[in-house]
Peer 1: 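For reference, the structure I am asking about is given below.
Sequence lines set the chain letters: A, B, ... in the order given, protein chains first and strands last, and positions in each chain run from 1. All values below come from the heavy atoms of this structure, side chains included, with hydrogens, waters and symmetry mates left out.
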2 protein chains.
Amino acid sequence: MAKKLDYEYCKAAPMLEWLGNKWALVVLMKISENGPVRFNELYRTIPSVSEKVLSQVLRQLTTDGIIRRELFPDVPPRTEYSVTEFGKTLLPHVEALLNWGRENFEQIIKNRQKHY
Amino acid sequence: MAKKLDYEYCKAAPMLEWLGNKWALVVLMKISENGPVRFNELYRTIPSVSEKVLSQVLRQLTTDGIIRRELFPDVPPRTEYSVTEFGKTLLPHVEALLNWGRENFEQIIKNRQKHY
DNA sequence: CTGTATCCTAAAAGATACTG
DNA sequence: CAGTATCTTTTAGGATACAG
């Protein structure tokens with residue numbers, strides 16, 4: 001990803017950055033669905049993601065203020081991730097998009113087959 | 001992109017495929033905004049995309065039935081891309097997401113700075 | 001438990017030249 | 001004009017080990 005998105009859309013670029021991340025939306029939805037959730041909990045519920053990528057996604061979403069990271073001074077350490085109020089304003093749009101994708105799954109597959 | 005998205009979200013995966021493409025959404029919106037549009041027209045209105053990537057995105061969106069490609073038997077050749085009826089059912093959700101991104105641009109930047 | 005660091009591979013993006 | 005082919009660079013993603 002070297003080149004920049006052009007001016008007209010650049011204001012949406014910060015969002016598009018993690019939208020382009022393969023796992024970001026899935027991670028976000030999992031946190032939203034399951035409420036406050038711990039690192040390993042996420043790691044287990046998304047079996048095919050690696051620790052590294054999961055941690056990257058979590059950091060990015062946290063930095064952008066979409067999710068919140070709470071660290072409890074327990075032993076062993078415990079952290080919980082949850083969606084912030086800011087993140088909640090985004091959720092409906094993400095859900096709408098994912099729902100469209102699910103609802104039109106068959107149609108898309110059919111369209112692809114037409115082009116062999 | 002080696003690993004698969006997990007079952008719960010795999011139905012949305014075909015859509016996520018091109019959602020993950022850096023340029024797909026921009027190309028889609030440009031076509032939607034400008035009506036039927038030709039290849040070089042797009043190439044010029046999205047200055048920072050390469051011909052190759054543009055052509056890839058166009059083919060992918062065409063294959064999935066989101067946009068339509070019409071070839072006119074003119075000399076020199078002329079093609080026009082436009083959004084299909086199917087694609088139009090997707091547009092509102094993409095627009096909503098892009099709008100959110102634009103509206104919250106400042107907030108995201110501010111959030112990032114807090115984390116230095 | 002919750003991550004980070006390192007190293008490696010696969011995939012996407014980009015530049016450029018060329019064809020129908 | 002509307003792309004495709006080729007080649008190189010860049011970036012994302014993954015495996016694994018290990019640190020606080």
Side-chain angles (χ1 to χ4, degrees), chain A residues 1-6 9-10 13-14 16-27 30-31 34 36-63 67-82 115, chain B residues 1-6 9-10 13-14 16-27 30-31 34 36-63 67-82 115:
Chain A
M1 299 223 180
K3 286 201 170 179
K4 289 290 179 9
L5 293 166
D6 68 325
Y9 288 95
C10 76
L16 289 172
E17 276 172 33
W18 43 261
L19 197 62
N21 182 306
K22 188 179 164 189
W23 298 104
L25 292 188
V26 174
V27 170
K30 291 282 185 189
I31 296 175
N34 305 331
V37 65
R38 305 177 60 169
F39 185 88
N40 266 0
E41 223 173 318
L42 271 174
Y43 185 51
R44 271 178 277 110
T45 51
I46 311 176
S48 43
V49 75
S50 73
E51 288 170 285
K52 190 191 107 183
V53 171
L54 178 57
S55 125
Q56 280 173 344
V57 168
L58 288 172
R59 234 183 311 143
Q60 191 171 22
L61 290 175
T62 303
T63 300
I67 61 173
R68 160 184 35 240
R69 176 177 181 276
E70 286 182 284
L71 174 62
F72 298 88
D74 299 4
V75 179
R78 178 164 63 99
T79 54
E80 280 185 359
Y81 293 92
S82 50
H115 292 258
Chain B
M1 299 226 181
K3 284 200 174 178
K4 289 290 179 7
L5 293 165
D6 68 326
Y9 286 95
C10 77
L16 288 172
E17 275 172 34
W18 43 262
L19 198 63
N21 183 307
K22 188 181 166 189
W23 298 103
L25 292 187
V26 174
V27 170
K30 292 281 186 187
I31 296 175
N34 305 330
V37 65
R38 306 174 61 167
F39 184 89
N40 268 357
E41 222 173 320
L42 271 174
Y43 184 51
R44 270 179 277 110
T45 51
I46 311 175
S48 43
V49 75
S50 74
E51 288 170 286
K52 190 190 106 183
V53 172
L54 177 57
S55 126
Q56 280 174 344
V57 169
L58 288 172
R59 235 182 309 144
Q60 191 170 23
L61 291 175
T62 302
T63 301
I67 61 174
R68 163 183 32 242
R69 176 180 180 274
E70 284 183 284
L71 173 62
F72 297 89
D74 298 5
V75 178
R78 178 163 63 98
T79 53
E80 282 186 359
Y81 293 93
S82 50
H115 292 257

Peer 1: Would one find a side-chain N or O of R38(B) under 4.0 angstrom from OP1 or OP2 of dG3(D)?
Peer 2: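 No, because none of the side-chain N or O atoms of R38(B) sits under 4.0 Å from OP1 or OP2 of dG3(D).
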Peer 1: Nearest of dC1(D), dT2(C), dG3(C) to any side-chain atom of N40(B)?
Peer 2: dC1(D)
Peer 1: Using OP1 and OP2 only, check whether a side-chain N or O of W18(A) sits under 4.0 Å from dA12(D).
Peer 2: no
Peer 1: Can you tell if the side chain of I46(B) reaches within under 4.5 Å of the side chain of K30(B), non-hydrogen atoms only?
Peer 2: yes
Peer 1: How many Å lie between CD on E80(B) and P on dA2(D), as a whole number?
Peer 2: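 Taking CD of E80(B) and P of dA2(D), I get 9 Å after rounding.
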Peer 1: Please report, rounded to the nearest Å, how far the P atom of dG3(D) is from the CD atom of Q56(B).
Peer 2: 13 Å
Peer 1: How close or far is atom P of dC1(C) from atom CG of L58(A), stated in whole angstroms?
Peer 2: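 About 16 Å, once rounded to whole Å.
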Peer 1: Which nucleotide sits closest to the side chain of E51(A): dT16(D), dG14(C), dC1(D)?
Peer 2: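 Nearest to the side chain of E51(A) among the choices is dT16(D).
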Peer 1: Are any non-hydrogen side-chain atoms of T45(A) and V37(A) less than 4.5 angstrom apart?
Peer 2: no
Peer 1: Does Y81(B) make a side-chain N or O approach to OP1 or OP2 of dC1(D) shorter than 4.0 Å?
Peer 2: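 No, no such contact exists.
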Peer 1: When the distance from CD1 of I46(B) to C1' of dA2(D) is rounded to whole Å, what number comes out?
Peer 2: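 It is 15 Å, rounded to the nearest whole Å.
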Peer 1: Return no unless some side-chain N or O of N21(B) is found under 4.0 Å from OP1 or OP2 of dA13(C).
Peer 2: yes
Peer 1: Return no unless some side-chain N or O of K22(A) is found under 4.0 Å from OP1 or OP2 of dG14(D).
Peer 2: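 Looking at the OP1 and OP2 atoms of dG14(D), one of them is under 4.0 Å from a side-chain N or O of K22(A).
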Peer 1: Could you check if a side-chain atom of L58(A) sits within less than 4.5 angstrom of a side-chain atom of R69(A), using non-hydrogen atoms only?
Peer 2: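 No, too far: nothing below the 4.5 Å cut-off.
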Peer 1: Whole angstroms only, please: what is the OH-C1' distance between Y43(A) and dG13(D)?
Peer 2: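 From Y43(A) OH to dG13(D) C1': 13 Å.
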Peer 1: Roughly how far apart are R68(A) CZ and I31(A) CD1, rounded to 0.5 Å?
Peer 2: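 Going from the CZ atom of R68(A) to the CD1 atom of I31(A) covers 11.0 Å.
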Peer 1: What contact category does D74(B) fall into here, base, sugar-phosphate, or nothing, at under 4.0 angstrom with non-hydrogen atoms?
Peer 2: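 The residue D74(B) makes no contact with any strand.
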Peer 1: Give the rounded distance in Å between these two atoms: CG of L71(B) and C1' of dT4(D).
Peer 2: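 Distance, rounded to whole Å: 15 Å.
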Peer 1: Can you figure out which of dT4(D), dC1(D), dG14(C) approaches the side chain of P77(B) most closely?
Peer 2: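 Between dT4(D), dC1(D), dG14(C), the one nearest the side chain of P77(B) would be dC1(D).
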Peer 1: Is any side-chain heavy atom of Y43(B) less than 4.5 Å from a side-chain heavy atom of S55(B)?
Peer 2: no
Peer 1: I need the CZ-P distance between F39(A) and dA19(D), as an integer number of Å.
Peer 2: 18 Å
Peer 1: Please tell me if S55(B) has a side-chain N or O lying less than 4.0 Å from either OP1 or OP2 of dT4(D).
Peer 2: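 Yes, because at least one side-chain N or O of S55(B) sits under 4.0 Å from OP1 or OP2 of dT4(D).
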Peer 1: Do the side chain of K52(B) and the base of dA13(C) come within less than 3.5 angstrom through a donor-acceptor pair of N or O atoms?
Peer 2: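 In this structure, the two groups form a donor-acceptor pair.
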Peer 1: Would you say R59(B) reaches dG3(D)'s phosphate, i.e. side-chain N/O to OP1/OP2 under 4.0 Å?
Peer 2: no
Peer 1: Please check the phosphate of dG3(C) (OP1 and OP2 only) for any side-chain N or O of T79(A) closer than 4.0 Å.
Peer 2: yes
Peer 1: From CH2 of W23(B) over to C1' of dT11(D), roughly how many Å is that when rounded to an integer?
Peer 2: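 Between C1' of dT11(D) and CH2 of W23(B): 15 Å.
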Peer 1: Let me confirm one number: the CD-OG1 distance from E41(B) to T79(B), rounded to the nearest 0.5 Å.
Peer 2: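 Answer for the CD-OG1 pair, E41(B) versus T79(B), is 10.0 Å.
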Peer 1: Given dG3(C), dG13(D), dG3(D), identify the nucleotide with an atom nearest to the side chain of R69(A).
Peer 2: dG3(C)
